[in-house]
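Here the structure comes first, spelled out in structure tokens, and everything after it is commentary.
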Amino acid sequence: ACLLVLCLYTIAFLRLPHDGAYLIPLIPFIILLLAQLLTRQQFIAICFAIILSSFLITVEKTKISMMGPIFNDHQERIEKIAYTERYISTMSHLDHKSVIIAGQWLAEMTNAWQPDASVSVKVVHFLKKSDLQVYLEQDFRPFYLAGQRQLTTEMYGFDLDDMGANPLIPSDDQNVKW
């Protein structure tokens with residue numbers, strides 16, 4: 001049964017290899033298979049190695065880090081919170097009608113931001129060129145978060161800068177890792 005599950009998940013993953021996390025359901029079956037194939041001492045050593053690996057090493061696409069996935073994930077969450085807070089702080093100082101193209105940051109922005117009723121600031125996922133034109137006709141100033149200019153160009157085939165949009169934080173690194 002374990003071998004059958006391993007084969008099916010491997011075939012499915014090879015067909016659609018989106019993310020290694022999709023292989024997580026295989027872990028119990030691999031452990032069960034190892035329990036059958038290894039001696040007791042070898043199996044205990046493997047189990048300890050699996051437990052320690054969560055704290056000691058992270059293997060990513062392009063690098064290996066000596067900070068384990070637990071600490072790596074914690075650090076990434078702290079960086080995302082700081083990143084979101086920096087944008088929220090900038091957005092709260094806008095004194096004109098604005099539309100912010102947040103892309104994949106939409107959920108973080110809308111959950112963390114308490115808009116001031118005196119200023120009309122809209123946060124959107126992405127905008128097509130025609131939708132952005134409607135906002136421009138209504139005197140909204142368009143801004144975008146880091147990375148959204150490139151994504152908009154790839155998805156909708158136009159450059160936000162050509163439409164008068166600006167980065168919300170001009171000096172921000174446009175190559176964020178998320």
*Thr153 (side chain) donor-acceptor with Arg149 (main chain) under 3.5 angstrom*: yes

*Check the hydrophobic clustering (I, L, V, M, F, W, Y; side-chain heavy atoms under 4.5 Å; chains of links allowed) and say if Ile51 and Leu33 are grouped together.*
no

*Considering all heavy atoms of both residues, which atom of Ala146 and which atom of Tyr87 are nearest to each other, and what is their separation?*
N-OH, 3.1 Å

*CD1 on Ile88 to CG on Asn111, rounded to 0.5 Å*: 9.5 Å

*Taking the side chain as C-beta and beyond, is there a heavy-atom pair between Ile100 and Met109 under 4.5 Å?*
no

*Where the side chain of Thr58 meets the backbone of Met67, is there a donor-acceptor pair that is under 3.5 Å apart?*
yes

*Member of Leu94, Val123, Ile169 meeting the side chain to side chain contact (heavy atoms under 4.5 Å, CB included) criterion with Phe143*: Leu94

*Under 30°, 30 to 60°, or over 60°: which ring-plane class applies to Tyr135 and Phe140, parallel, tilted or perpendicular?*
perpendicular

*Does atom NE2 of His125 have more than 12 heavy-atom neighbours, drawn from other residues, nucleotides or ligands, at distances under 6.0 Å?*
yes

*Rounded to the nearest 0.5 Å, what's the gap from CD on Gln104 to CD on Gln148? Could you check?*
4.5 Å

*Are Val121 and Val134 linked, directly or through other ILVMFWY residues, by side chains that come within less than 4.5 angstrom of each other?*
no

*Taking the side chain from Asp131 and the backbone from Leu127, do they hold a donor-acceptor pair closer than 3.5 Å?*
no

*Look at the side-chain heavy atoms of Ile, Leu, Val, Met, Phe, Trp and Tyr, link any pair under 4.5 Å apart, and say whether Ile46 and Phe48 land in one connected group.*
no

*Distance in Å, Leu160 CG paired with Lys129 NZ, rounded so as to fall on 0.5 Å steps*: 10.5 Å

*Is the backbone N or O of Ser89 less than 3.5 Å from a side-chain atom of Ser92, with the two atoms forming a donor-acceptor pair by type?*
yes

*Walk me through it: do Leu26 and Val5 pass the test side-chain contact (heavy atoms from CB on, under 4.5 Å)?*
CA-CA 7 Å; Leu26 283 178; Val5 170; 4.1 Å; yes

*At their closest point, which heavy atom of Tyr9 faces which heavy atom of Pro25, and how far apart are they?*
OH-CB, 3.4 Å

*Quick one: sort the Phe158 and Tyr156 rings into parallel, tilted or perpendicular, breaks at 30° and 60°.*
tilted

*Closest heavy-atom contact between Pro28 and Ile24?*
CD-O, 3.9 Å

*Once you round to the nearest 0.5 Å, how far does CG of Leu151 lie from CZ of Phe126?*
4.5 Å

*Quick one: CG on Leu8 to CG on Leu3, what's the gap to the nearest 0.5 Å?*
11.0 Å

*Tell me whether Leu38 is reachable from Ile31 by hopping between hydrophobic residues (I, L, V, M, F, W, Y) whose side-chain heavy atoms are closer than 4.5 Å.*
yes

*Heavy-atom count around Gln138 CD within 6.0 Å, excluding the residue itself: above 12?*
yes

*asked:* For residues Phe55 and Met66: do they belong to one hydrophobic cluster (side chain heavy atoms under 4.5 Å, members Ile, Leu, Val, Met, Phe, Trp, Tyr)?
replied: no

*Spacing of CG belonging to Leu34 relative to CD1 belonging to Ile50, to within rounding of 0.5 Å*: 6.5 Å

